[in-house]
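A short write-up of the structure that comes next.
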Protein chains: 2
Amino acid sequence: MLTDRQLLILQVVIDDFIRSAHPIGSRSLAKKEKISLSSATIRNEMADLEELGFIEKTHTSSGRVPSEKGYRFYVDHLISPEKIALQELQKIKSIFNEKIYELEKIIQNSASVLSELTKYTAVVLGPTVKENKLSKFQILPLNEETAVAIIVTNTGHIEHKLFSLPKSINKSDLEKTVNILNHRLVGNPLVNLQEKLFKEVAILFKEHIDNYDFMIQSVADVLNIPLHEKLYYGGKINMLKQPEFQDIEKVHEIMNFLEEESGFYHLLKETPFGINVKIGTENNLTVMDNCSLITATYNIGQEQVGTIAILGPKRMHYSRVISIMNLLSNDLSNALSKLYSQ
Amino acid sequence: MLTDRQLLILQVVIDDFIRSAHPIGSRSLAKKEKISLSSATIRNEMADLEELGFIEKTHTSSGRVPSEKGYRFYVDHLISPEKIALQELQKIKSIFNEKIYELEKIIQNSASVLSELTKYTAVVLGPTVKENKLSKFQILPLNEETAVAIIVTNTGHIEHKLFSLPKSINKSDLEKTVNILNHRLVGNPLVNLQEKLFKEVAILFKEHIDNYDFMIQSVADVLNIPLHEKLYYGGKINMLKQPEFQDIEKVHEIMNFLEEESGFYHLLKETPFGINVKIGTENNLTVMDNCSLITATYNIGQEQVGTIAILGPKRMHYSRVISIMNLLSNDLSNALSKLYSQ
DNA sequence: TTTAGCACTCCTAGCATGCGAGTGCTAAAT
DNA sequence: ATTTAGCACTCGCATGCTAGGAGTGCTAAA
């Protein structure tokens, strides 16, 4: 177990390193207000902390930097919630103040504000669509051959899709189609729509609709909604400001990973409830070895539907970021729940 | 006027520099197959070319690199169309082979393929919406309070927008609203809709619709379609591969400019018909001083509607990029014209 | 007109040097 | 028994020097 003095020193070392990005030595530590010990004493304590694996040297005679274990301990035991300036709070609130109904915009705004406040890169995983249920289906014919289908889900997600109509379809058939689909499919999860369509709806189509085989194929196309959630980004290039990313190689690697979509998707898809911090190699991904990822889930009603995340260097301002994400994920959950849960 | 020999030397210098990114000197030039002159002769010619401003030295005793004037001359007089490999041609065709109805996807695909083939950054300015005309308007009520409006334009652009309904509106009022709007507004350019709404439609609303003031406000919101065309990107991080962008500062600057949207919007908004090359300071923008921008317009029917662009270092593979953009802009115009012009 | 030769310039890589910030260890001070 | 002062030592980094290489311009000969 660490002594109070060791805790203090560890905390100051990490705090300082997070601020300055420079290794810190015993002499500069001794000058700090909080610490009234000689540099020699501190040297002894630091040697112990190093032996325990919380801090490390970059070379034999350098100051110390936090190790991954050090950061982990810091995050778990040494940080306390940070006060967020009023002005910044208002920025968060402002996401939800405007009368925005559209989910996508709220989420994109969240990512932007998050990156703006933290100066790191924000990634938001949009709400699960898999669990979404169909709440409305409509067809709007554009001309003889094409129509646009509008699909609305219970979470406020709206999608439109062009498709081709059977030749010489009449108005009443279209109406019947819409009625049947609404009657049979509303309330069902999107994933099941295709199955239901072919099993249950097909029979009804056959009974009531001319040219039913073409129609059912078109509808099937339309209902084939991409099931992977979308990712929203904010401050993609904030990384370039961080001193740890002065190496163009590293930047390229991590940027590439960001652009690729699928990589981050998996990373965010399976995050535990609430705030979670993954430091460096804890992410189990070589590209992320020098990064920390802080995630927070958000929900609609009781259901956890998505994740907001901040990607930054391991030397991240953890307390501040965690406080901000706490606020934002709560506000986001509240706002979305108000709008879309029934 | 330049002699044939000077032309040859200028061409080889620029070709070589585009390939290698290293200044080239008289000795290495003399070794080239195409050139059977001694290094001393070449030195004399190069001195002349420098005096004329086509090439320059990075320091007193360095090899030569092309000047902006040199690139300009090269682009205007020395390059010839490049053969594009079959495989690459097919990649271009593949954008249009699939059955895609949606404009946005075709355009996004174009940007992606363009960046993939050139290894530079592609930016595409979507089709003008200002000139677009309304071709269909529909309202789809979701519940008591909200509805989604669907707006379709003559170029196949579809937009949906949530809005709130007046309290206790009845079905027939909604239908009347839709009818009036379709009757009065279809065929009008999007820019004029707001004006027409307040001038002509307002009167009709007053006559026929309960709660008309609320309704007209909602409709006005809905018809307030963002009039700036969207930008689509491909290969944003390709820049990082170029040796001229090893300086993180420069990368940051230019990336920032890319992310900002509005900057590039103006750059692409006013491009002349066909292929255009702007080299370095010709772009009249400090961030672009080390970049070249190649643009090509595309059209639907006879109307020029948008621009595709490649952003790269001044040391760009001009002939190849121009050839590719020629192909792609033509194919894009054809495909869009087939789909959306009548 | 072209080319060979030569002196000169400038960049770059490599190496020595000194300084500063840091360390560990020991012995004295508290 | 801790804490601290002192000291020798280490390492990174900035500086300056040097040699080598690639290039140039100029002059004089081919």
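Below, chain A is the first sequence line, B the second, and so on; all start at residue 1.
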* Confirm from the modelled atom types if A:Ser61 and C:dT23 form a donor-acceptor pair under 3.5 Å, side chain to base only. =>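 No such pair is found, so the answer is no.
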For the student: nearest non-hydrogen atoms of [X] and [Y], plus distance:
X        : Y        : result
A:Ser26  : A:Ser39  : CB-O, 3.5 Å
B:Lys32  : B:Val12  : CD-CG1, 3.9 Å
B:Asp16  : B:Arg19  : OD1-NH2, 2.8 Å
B:Ile279 : B:Val277 : CG1-CG1, 3.9 Å

Just to confirm, is there a sub-4.0 Å distance from OP1 or OP2 of [N] to any side-chain nitrogen or oxygen of [X]?
X       : N      : answer
A:Ser28 : C:dG22 : yes
A:Arg27 : D:dG6  : no
B:Thr41 : C:dT3  : yes
A:Ser26 : C:dT23 : yes

* **Complementary nucleotide for C:dT3 - Watson-Crick or wobble, under 3.5 Å** =>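 Across all strands, the one nucleotide that pairs with C:dT3 is D:dA28.
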Rounded distance [0.5 Å steps], [atom1] in [X] versus [atom2] in [Y]:
X        : Y        : atom1 : atom2 : value
B:Ser319 : B:Lys83  : OG    : NZ    : 14.5 Å
B:Ser20  : B:Asp15  : OG    : CG    : 10.5 Å
B:Asn238 : B:Lys119 : CG    : NZ    : 7.5 Å

* Asked: Looking at B:Leu328, B:Ile322, B:Val321, which one forms a side chain to side chain contact (heavy atoms under 4.5 Å, CB included) with B:Met325?
  ->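 The side chain to side chain contact (heavy atoms under 4.5 Å, CB included) with B:Met325 is passed solely by B:Val321 among B:Leu328, B:Ile322, B:Val321.
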Rounding to a whole Å, what distance do you find between [X]:[atom1] and [N]:[atom2]?
X       : N      : atom1 : atom2 : result
A:His22 : D:dG12 : NE2   : P     : 16 Å
B:His59 : D:dG21 : NE2   : P     : 16 Å
B:Ile55 : D:dG23 : CD1   : P     : 13 Å
B:Gln6  : C:dT2  : CD    : C1'   : 15 Å
B:Ile35 : C:dT2  : CD1   : P     : 14 Å
B:Glu45 : C:dT2  : CD    : P     : 8 Å

* Side-chain donor or acceptor of B:Thr41 paired with backbone N/O of B:Leu37 under 3.5 Å ->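 Side chain of B:Thr41 to backbone of B:Leu37: no pair is present.
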* Side-chain (B:Arg315) to main-chain (B:Ile18) donor-acceptor, under 3.5 angstrom ->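 Checking the backbone N and O of B:Ile18 against the side chain of B:Arg315, a donor-acceptor pair under 3.5 Å is found.
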* Check ion pair B:Glu259-A:Lys236 (N to O, under 4.0 angstrom) ->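 Between A:Lys236 and B:Glu259 there is no salt bridge, as every charged N stays at least 4.0 Å from the carboxylate O atoms.
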* Asked: Of the nucleotides C:dA4, D:dT4, D:dG23, which has the atom closest to the B:Ser38 side chain?
  ->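 Of C:dA4, D:dT4, D:dG23, C:dA4 is nearest to the side chain of B:Ser38.
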* Pick base, sugar-phosphate or nothing for B:Thr58, based on heavy-atom distances below 4.0 Å to the nucleic acid. =>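 Result for B:Thr58 = nothing.
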* Report which part of the nucleic acid A:Ser39 touches: base, sugar-phosphate, or nothing (heavy-atom distance under 4.0 Å, all strands). =>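 The residue A:Ser39 makes no contact with any strand.
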* Asked: Is it true that the side chains of A:Glu82 and A:Ser323 contain a donor and an acceptor less than 3.5 Å apart?
  ->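 Their side chains do not contain a donor-acceptor pair, so the 3.5 Å distance test is not met.
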Dump the pairs, protein N or O against N or O of nucleotides 12-16 of chain C, anything under 3.5 Å, distances to one decimal.
none

Polar-atom pairs under 3.5 Å, protein N or O versus N or O of nucleotides 28-30 of chain C: list them with distances, or write none.
none

Pairs under 3.5 angstrom, nitrogen or oxygen only, protein versus nucleotides 25-28 of chain D, please.
from	atom 1	to	atom 2	distance (Å)
D:dG25	OP1	B:Arg64	NH2	3.1
D:dG25	N7	B:Arg43	NE	3.2
D:dG25	O6	B:Arg43	NH2	3.4

